Amino acid sequence: TATIALNGGMPLSAWAARKAGFSERAIAVSNKLSENTALPIFADAIPIPVLRIVLSLGDLLMFAGICWLVIALARRDTPARSAPQPAESL
């Protein structure tokens with residue numbers, strides 16, 4: 001969100017957009033990555049041509065964090081349920 005706020009939109013690498021199959025028109029109207037871009041490391045610059053999308057480092061970090069959370073929750077130890085104990089007779 002800092003990258004978006006500082007740049008007035010998410011910067012997009014024109015090279016990555018072309019590799020991902022974006023049209024020239026879509027690239028022309030995007031907030032292009034340039035030497036003036038603040039926090040360029042978090043710009044959309046990782047093409048995924050099979051999905052026709054461009055991701056950012058932040059997207060990958062967020063995805064990794066969500067995967068870690070799901071795995072951690074799935075592997076969490078739950079207290080074992082013990083069988084009820086018979087009542088003692090007096």
Side-chain angles (χ1 to χ4, degrees):
T1 56
T3 303
I4 295 169
L6 292 171
N7 294 295
M10 185 58 138
L12 174 69
S13 162
W15 172 86
R18 284 186 190 93
K19 284 286 198 183
F22 286 30
S23 69
E24 289 300 320
R25 186 177 192 292
I27 295 168
V29 298
S30 69
N31 186 8
K32 289 184 210 58
L33 180 65
S34 71
E35 64 276 351
N36 298 322
T37 300
L39 300 173
I41 193 165
F42 293 111
D44 283 340
I46 305 166
I48 311 293
V50 174
L51 300 176
R52 297 189 57 160
I53 60 173
V54 179
L55 299 177
S56 68
L57 178 60
D59 294 331
L60 296 179
L61 292 173
M62 183 172 51
F63 179 71
I66 290 169
C67 288
W68 176 84
L69 178 63
V70 168
I71 291 168
L73 290 174
R75 296 182 63 166
R76 183 176 60 177
D77 288 336
T78 55
R81 292 186 178 185
S82 58
Q85 301 296 322
E88 289 185 29
S89 53
L90 298 170

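Keep in mind that this is a model prediction, so the values were computed, not measured.
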Participant: Heavy-atom count around L73 CG within 6.0 Å, excluding the residue itself: above 12?
Facilitator: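 Count over threshold, so yes.
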Participant: If two hydrophobic side chains count as joined below 4.5 Å and joins carry through other members, does I53 share a cluster with I46?
Facilitator: yes
Participant: Ignoring hydrogens, what is the shortest heavy-atom contact between A38 and L6? Give both atom names and the distance.
Facilitator: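 Residues A38 and L6, closest heavy atoms: CB-CB, 3.9 Å.
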Participant: Which donor-acceptor pairs under 3.5 Å do the side chains of residues 14-22 make with protein atoms, sequence neighbours left out?
Facilitator:
from: R18; atom 1: NE; to: E24; atom 2: OE2; distance (Å): 2.9
from: R18; atom 1: NH2; to: E24; atom 2: OE1; distance (Å): 3.4

Participant: Got a donor-acceptor contact below 3.5 angstrom from the N7 side chain to the N31 backbone?
Facilitator: no
Participant: Show me the donor-acceptor pairs, under 3.5 Å and distance only, between side chains in residues 59-69 and residues at least two apart or in other chains.
Facilitator:
from: D59; atom 1: OD2; to: S56; atom 2: N; distance (Å): 2.9
from: D59; atom 1: OD2; to: S56; atom 2: OG; distance (Å): 3.2

Participant: What is the distance from atom CG of D44 to atom CG of L55, rounded to the nearest 0.5 Å?
Facilitator: 7.0 Å
Participant: Kindly work out whether a path of hydrophobic side-chain contacts (I/L/V/M/F/W/Y, heavy atoms less than 4.5 Å apart) joins M10 to L39.
Facilitator: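 No, M10 and L39 fall in different hydrophobic clusters.
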Participant: If hydrophobic clusters are built from ILVMFWY residues whose side chains come within less than 4.5 Å, do V54 and I27 share one?
Facilitator: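 Yes, same cluster.
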Participant: Closest approach of P11 and T37, non-hydrogen atoms and distance?
Facilitator: CG-CG2, 3.5 Å
